[in-house]
Engineer: 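Okay, handing you the structure first.
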Amino acid sequence: MKKTALITGITGQDGSFLAELLLDKDYQVHGIIRRSSSFNTGRIDHIYHDIHAKGESLFLHYGDLSDSSSLRNLIMRTKPDEVYNLGAQSHVKVSFEQPEYTADISGLGTLRILDAIRDGQEDLSKKIRFYQASSSEMFGKVQEVPQTEKTPFYPRSPYGCAKVYGFWQTINYREAYDMHCSNGILFNHESERRGETFVTRKITRAATRIMFGLQEKLFLGNLDAKRDWGYALDYVKAMWLILQQEQPDDYVIATNETHSVRSFVALVFKHLGIEIVWQGVGMDEMGLVKSILKTNKNAPHSLKTGDCIISIDERYFRPSEVETLLGDPKKAKEQLGWKPEISIDKLAEIMTDHDYELAENEHRLKNK
Ligand code: NAP
Ligand code: G4F
């Protein structure tokens, strides 16, 4: 018999990859989407195009993590074997501007769905396996390097605090009600589907648009922040593996490498044939074209040595910052047999190539 999964946040980066993975494994997939005045299903629309293979097993329902009644209703109606709670206000900088909303959705939202599972029929709370999208942001001002499942948390943002709440509620429901509830403590993971205001995608979008003369400059905040960046598709495989374990548990999912924002910028531009040199300090720092290299890309740029293409903008700094993250995925390797497949170089290449095509199309339309 087909297994059934319910995904909150199915329209997001991870939700879309996870839906594809589960459909490939022959699951029936139910996804919760928010009502929106404009389309918000762009990341999953392609699944419907392949209607015979996949579309018949994918069902979308309106609901919201702020609305207990919709969550309870959907748990009762879909009776899933697995619930993946990926829905969140997931942007750290935005969480400083909307702390209460972030706590409500990313923190209390986790409690609402856990309680909807507990409060359903007895057999459902025993049957359902629950995955919580916990985050390396919980380590914040890191208390040890690298971070493991045992590293104490020290969140540095309303988002980080909300995720700590969700993490502990997940453990509490596991212990109090003997439910199969697990946390994946995922370090940053990116892809060509990453939201365009997260730093990696902001960089690949801007760099490729600069190459086509569609944008002059890339404005960034803290170039020295370091992250343990992996590829989203590798990470949703870990989510699934976590729920296939007989015993619920918590796992760090990471690459065990850390890189600065500055080095990611350099990697992306190098792939586009531009070598960057950094000049100045603090708010006056700039990224200039050092040299133009030969590549197989033929964007019609008019860049020359010495052009300033990266500047600092104070709007992108956070009131408190997470300076460095580095995860140790040893437990996941040993117990789940999971390891990341995509290196940082390959990740930058995948994202840049994808956005190069978008910029090329935009350029073509503009010059028609
Ligand atoms: P994302 O692209 O921002 O997707 C977030 C999803 O949550 C979207 O589908 C969004 O719907 C939905 N959502 C937002 N508010 C909601 C609400 N009130 N009710 C129901 N759904 C709501 O995030 P992601 O990168 O895929 O991350 C997935 C999860 O993993 C999130 O919980 C995130 O906090 C966590 N996480 C991410 C990373 C990472 O590096 N990507 C690392 C650790 C943990 P709309 O499409 O309508 O906005
Ligand atoms: O890409 P970011 O916005 O991701 P951040 O804050 O690390 O959060 C992401 O990863 C978490 C896992 O650790 C997830 F839980 C969370 O949901 C989200 O997916 O920023 C990365 C770094 C930060 O240090 C930020 O200050 O890049 C720095 N940065 C520098 N300039 C910038 C910018 N970040 C953004 N978004 N935009 C900039 O212009």
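Quantities reported herein were computed from a predicted structural model and do not represent experimental measurements. Counting convention: from 1, in listed order, for ligands and their atoms alike.
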Engineer: Going hydrophobic residue to hydrophobic residue with side-chain gaps under 4.5 angstrom, can you get from L74 over to L108?
Structural biologist: yes
Engineer: Parallel, tilted or perpendicular, judged at 30° and 60°: which one describes the rings of F153 and F139?
Structural biologist: tilted
Engineer: Looking only at protein heavy atoms, identify the closest one to atom 27 (O) of ligand 1 and say how far it is in Å.
Structural biologist: D14 OD2, 3.7 Å
Engineer: For Y101, is the nearest heavy atom under 4.0 Å from an atom of ligand 1?
Structural biologist: yes
Engineer: Only one of R318, R227, K93 passes salt bridge (charged side-chain N to carboxylate O under 4.0 Å, His left out) with E137; say which it is.
Structural biologist: R227
Engineer: Yes or no: does Y159 have any heavy atom under 4.0 Å from an atom of ligand 2?
Structural biologist: yes
Engineer: Among protein heavy atoms, which lies nearest atom 36 (N) of ligand 2, and at what distance?
Structural biologist: T197 O, 2.9 Å
Engineer: Can you report which non-hydrogen protein atom sits closest to atom 11 (O) of ligand 1, along with the distance?
Structural biologist: T11 OG1, 3.3 Å
Engineer: Look at atom 23 (O) of ligand 1 and find which of S90, A232, G166 reaches it with the closest heavy atom.
Structural biologist: S90
Engineer: Any idea which protein heavy atom is nearest atom 8 (O) of ligand 2, and the distance to it?
Structural biologist: V92 CG2, 3.5 Å
Engineer: Can you pull out the closest protein heavy atom to atom 29 (N) of ligand 2? Residue, atom name and distance to 0.1 Å, please.
Structural biologist: V199 CG2, 3.8 Å
Engineer: Any idea which of H189, Q89, K163 brings a heavy atom closest to atom 32 (O) of ligand 1?
Structural biologist: K163
Engineer: How does D64 reach ligand 1, if at all, at less than 4.0 Å between non-hydrogen atoms: by side chain, backbone, both, or neither?
Structural biologist: both
Engineer: Using a strict cut-off of less than 4.0 Å between a Lys/Arg side-chain nitrogen and an Asp/Glu carboxylate oxygen, indicate whether E246 and R129 qualify as a salt bridge.
Structural biologist: yes
Engineer: Does ligand 1 have an atom that lies less than 4.0 angstrom from a heavy atom of Y235?
Structural biologist: no
Engineer: Indicate yes or no: does an N/O atom of T200 lie under 3.5 Å from an N/O atom of ligand 2?
Structural biologist: no
Engineer: For ligand 2, is there an N or O atom under 3.5 Å from any N or O atom of N188?
Structural biologist: yes
Engineer: Closest by any non-hydrogen atom to atom 15 (F) of ligand 2: pick that one out of G327, S260, S135, G12.
Structural biologist: S135
Engineer: For atom 13 (O) of ligand 2, what is the nearest protein heavy atom, given as residue, atom name and distance?
Structural biologist: S136 OG, 2.6 Å
Engineer: How far is atom 3 (O) of ligand 2 from the closest protein heavy atom, and which atom is that?
Structural biologist: R318 NH2, 2.9 Å
Engineer: Determine, using ring centers only, whether Y356 and F212 are less than 6.0 Å apart.
Structural biologist: yes
Engineer: Within the structure, is a non-hydrogen atom of E321 found at a distance of less than 4.0 Å from ligand 2?
Structural biologist: yes
Engineer: Which heavy atom of the protein is the closest neighbour of atom 23 (C) of ligand 2, given with residue, atom name and distance?
Structural biologist: R227 NH2, 3.4 Å
Engineer: Considering distance alone, does some N or O of G221 sit under 3.5 Å from an N or O of ligand 2?
Structural biologist: yes
Engineer: Could a heavy atom of I32 be found less than 4.0 Å from some atom of ligand 1?
Structural biologist: no
Engineer: Report the member of F187, Y159, F198 with the shortest heavy-atom distance to atom 36 (N) of ligand 1.
Structural biologist: Y159
Engineer: Go through D115 and R72 one step at a time and tell me if the salt bridge (Lys or Arg N to Asp or Glu O under 4.0 Å) criterion holds.
Structural biologist: CA-CA 8 Å; D115 209 58; R72 274 165 210 275; 3.2 Å; yes
Engineer: Between H91 and F198 (judged by ring centroids, cut-off 6.0 Å), do the two rings come close enough to count as a pair?
Structural biologist: yes
Engineer: What orientation do Y235 and H189 show, parallel under 30°, tilted 30 to 60°, or perpendicular over 60°?
Structural biologist: parallel
Engineer: Hey, does S134 sit under 4.0 Å from ligand 1 if you only count heavy atoms?
Structural biologist: yes
Engineer: I'd like to know if the side chain of S106 reaches the main chain of Q89, judged simply by a donor and an acceptor atom lying under 3.5 Å from each other, with no hydrogens or angles considered.
Structural biologist: yes
Engineer: Please list the nearest protein heavy atom to atom 39 (O) of ligand 2 with its residue and the distance rounded to 0.1 Å.
Structural biologist: K202 NZ, 2.7 Å
Engineer: What residue and heavy atom of the protein are closest to atom 19 (O) of ligand 2, and at what distance?
Structural biologist: R194 NH2, 2.9 Å
Engineer: Side chains of Y27 and W240 only: does a donor on one sit below 3.5 Å from an acceptor on the other?
Structural biologist: yes
Engineer: Verify whether the ring centers belonging to H259 and F264 lie closer than 6.0 Å.
Structural biologist: no
Engineer: Regarding ligand 2, does Y316 bring an N or O atom to under 3.5 Å of one of the ligand's N or O atoms?
Structural biologist: no
Engineer: My understanding is that we take every heavy atom of each candidate and find the minimum distance to atom 4 (O) of ligand 1. Doing that for G12, G195, G9, which one comes out nearest?
Structural biologist: G12
Engineer: With a 4.0 Å cut-off on heavy atoms, is N40 in contact with ligand 1?
Structural biologist: yes
Engineer: Quick one: do the E144 and T151 side chains pair a donor with an acceptor below 3.5 Å?
Structural biologist: yes
Engineer: Heavy-atom distance to atom 15 (N) of ligand 1: which of Q132, R194, R34, Q13 wins?
Structural biologist: R34
Engineer: For atom 14 (C) of ligand 1, which protein heavy atom lies nearest, and how many Å away is it?
Structural biologist: A88 O, 3.2 Å
